[in-house]
Amino acid sequence: MRNSLSLTGHQVDELLDKHTPHVIRIKMPADERVGFDDMIRGHVSFETNQVDDKVLLKADGMPTYHLAVVVDDYLMKISHAFRGEEWLPSAPVHLLLWEYLGWKADMPQWAHLPLILKPDGHGKLSKRDGARLGFPVYAMSWFDVKTGELTPGFRELGFLPEAFLNLLATLGWNDGTDQELFTLDELIEKFSIERVSKAGAKFDFEKAKWFNAEWIKKSEVWSLKSKVREILEDKGIAIVNEDYLERVIELVKERCVLLTDFYQQSAYFFEQPKEYDVNSVKPKWTDAKAEFFSAFIGTINNTDTLEPDALEADFKALAEETGIKAGELMLPFRIMLVGGKFGPHVFDIAALLGKEETVMRIEKAVSIFNG
RNA sequence: GGCCCGUUCGUCUAGGGGUUAGGACGUUAGAUUUUCAUUCUAGAAACAGGGGUUCGAUUCCCCUACGGGCUACCA
């Protein structure tokens, strides 16, 4: 080995005079044990003989991470250093650096957090896993200029910041009760580093989605409004009426897991269905049913404002008069308004759409079903 | 290979010397919803193995196994 330890002082000076490229390393002491108290793991110690003399300053003059963190943390007066468990093996280097630099009294408290692992297989979670398994690994979309590769983030996928924070906080931590849903304020109040678990946790996207669904359900309409509006407008839907948008959100929010689901769940409130699930109606479509709906249009026209309960009562009364089971007519009615087999209660939808729109959609769909 | 860290249902976890080992996600069955989702009820499902210590260990100690991390002039 050829370095300042194996060469004589004279030889070193000579090489230095000739500006020979070189690095600067930390010199680990022999036969010592360096240890510290980790806030999560308790006392951790290492044999100095097992730790190698890490490069601190590269040949190009730039510091490595090891030198940089210590200097940076010292300058920024960092009191607590939280980092991933993968840093544990280099902790002795940092510890000694704090000491050698004469800053030992200012050294921060350490906490090495457990790692987030791949849901399948083994190893720590990487952005590749997200691409491979179909879920995000970053909070926000990230574009790699070097590779030209776009990695989608939780936000763009339709996660609420509150939900993302919540799921991250409870991955490896809990307050000792059965509570799983926490607001930021609650986390600030209840979080304690002592309750962070030591073992790595496999990431579970299903549970992540559950957190988001829960947060969408418990969020107030006003807090969801701007995000939903953005999603709908991105899809080319013009929002003209604020109040209408709020009522739509109120009606569909409990069936959305991701914010992006608001498009599929509420697009039909803003524009007529582009496609109809004709197959679910056509085979059982009869002239009698067509007649029912033209009669129902009459009923609607005789009503001042559509109100869900009253409309449903009228619908059922008319069905009975016509001699057709109401159940046979509900699905066709839904498909007329929505286009498919989904959405909230049909009469809620009709009431919100309003008289004219409802009538228009019935007329249009009837002609499609007849033809 | 060496060093370090870890190990309770499939997954995230609670618990802790004597418990029917609790909850959540997912899953299964049923109810409600004349769509789907929500909601509700019920079910299946775990202390890695071996030694100690102890009247008694899943819980404390040791070993093994397994898992993870690090072992770059990357962070």
Practice task
Could you check whether the rings of A/F296 and A/F293 sit parallel, tilted or perpendicular, using 30° and 60° as the cut-offs?
Solution key: perpendicular

Practice task
Kindly assign one of parallel, tilted or perpendicular to the pair A/F315 and A/F333, based on the angle between their ring planes and the thresholds 30° and 60°.
Solution key: parallel

For [N], give the paired nucleotide (Watson-Crick: N1-N3 plus N6-O4 or O6-N4; G-U: N1-O2 and O6-N3; both under 3.5 Å), or none.
N     : answer
B/C3  : B/G69
B/C55 : B/G18
B/C25 : B/G10

Does [N] have OP1 or OP2 under 4.0 Å away from a side-chain N or O of [X]?
X      : N     : answer
A/K202 : B/G68 : no
A/N174 : B/A14 : yes
A/T170 : B/U13 : no
A/K217 : B/U39 : yes
A/K198 : B/G68 : no

What does [X] touch in the nucleic acid at a heavy-atom separation under 4.0 angstrom: a base, only the sugar-phosphate, or nothing?
X      : value
A/R334 : base
A/S280 : nothing
A/Y65  : base
A/K325 : nothing
A/R83  : nothing
A/V55  : sugar-phosphate
A/A199 : sugar-phosphate
A/P344 : base
A/H345 : base
A/G343 : base
A/T177 : nothing

How close or far is atom [atom2] of [N] from atom [atom1] of [X], stated in whole angstroms?
X      : N     : atom1 : atom2 : answer
A/W210 : B/U27 : CH2   : C1'   : 16 Å
A/Q265 : B/C36 : CD    : C1'   : 8 Å
A/L88  : B/G68 : CG    : C1'   : 12 Å
A/Q50  : B/C4  : CD    : P     : 7 Å
A/F36  : B/C4  : CZ    : C1'   : 10 Å
A/L95  : B/C3  : CG    : P     : 20 Å
A/N49  : B/C4  : CG    : C1'   : 15 Å
A/D348 : B/A37 : CG    : P     : 18 Å

Handout entry: Side chains of A/S266 and A/L232 in contact at under 4.5 Å (non-hydrogen atoms)
Key =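 When only atoms from C-beta onward are counted, A/L232 and A/S266 do touch, with a gap below 4.5 Å.
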
Exercise for the section: May I ask you to check whether over 12 heavy atoms, not counting those of A/E356, lie within 6.0 Å of atom CD? Expected result: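 Open.
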
Practice task
Taking atom CG of A/D17 as the centre, report whether more than 12 heavy atoms of other residues, nucleotides or ligands fall under 6.0 Å from it.
Solution key: yes

Per [X] side chain, nearest of listed nucleotides [options]:
X      : options             : answer
A/L117 : B/G68, B/A37, B/C73 : B/G68
A/P89  : B/G10, B/C70, B/C4  : B/C70
A/L171 : B/U11, B/C12, B/C5  : B/C12
A/K58  : B/A14, B/C73, B/U11 : B/C73
A/T64  : B/G6, B/U35, B/A75  : B/A75
A/E206 : B/G26, B/U13, B/A24 : B/G26

[N] versus [M] - spacing of their [atom1] atoms, nearest Å:
N     : M     : atom1 : answer
B/U13 : B/C47 : C1'   : 13 Å
B/A37 : B/A57 : C1'   : 47 Å
B/G51 : B/G43 : C1'   : 38 Å
B/U11 : B/A46 : P     : 12 Å
B/U20 : B/A44 : C1'   : 16 Å
B/G22 : B/A75 : C1'   : 41 Å
B/G26 : B/A48 : C1'   : 23 Å
B/C9  : B/C25 : C1'   : 12 Å

Practice task
Test for a donor-acceptor pair under 3.5 Å between the base of B/A24 and the side chain of A/K207, counting only N and O atoms.
Solution key: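 Side chain to base: pair found, below 3.5 Å.
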
Exercise for the section: Please state whether the base of B/U38 and the side chain of A/R255 form at least one donor-acceptor pair under 3.5 Å? Expected result: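 Check fails, no donor-acceptor contact within cut-off.
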
Problem - Carboxylate-amine/guanidinium proximity below 4.0 Å for A/E250 and A/R247 - result: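 The answer is no: the pair does not qualify as a salt bridge.
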
Exercise for the section: Mark yes or no: A/K282 above the aromatic ring of A/W285, with NZ or CZ under 6.0 Å from the six-membered ring centre and no more than 45 degrees from the axis. Expected result: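 A/K282 over A/W285 ring: no.
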
Handout entry: Lys/Arg cation over aromatic A/W215: A/K217, 6.0 Å, 45° cone
Key =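 No - A/K217 does not lie over the ring of A/W215 by the 6.0 Å and 45° rule.
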
Practice task
Going by the side chain to side chain donor-acceptor pair (under 3.5 Å) test, name the single residue among A/R41, A/R83, A/K198 that passes it with A/H112.
Solution key: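 Only one of A/R41, A/R83, A/K198 forms a side chain to side chain donor-acceptor pair (under 3.5 Å) with A/H112, namely A/R83.
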
Completion exercise
When A/A59 and A/M330 are each assigned the nearest nucleotide of RNA chain B, the 5'-most assignment goes to A/M330

Problem - Whichever of A/S90 and A/A208 has its nearest RNA chain B nucleotide further upstream toward 5' - result: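 Checking each residue's closest nucleotide, the 5'-ward one belongs to A/A208.
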
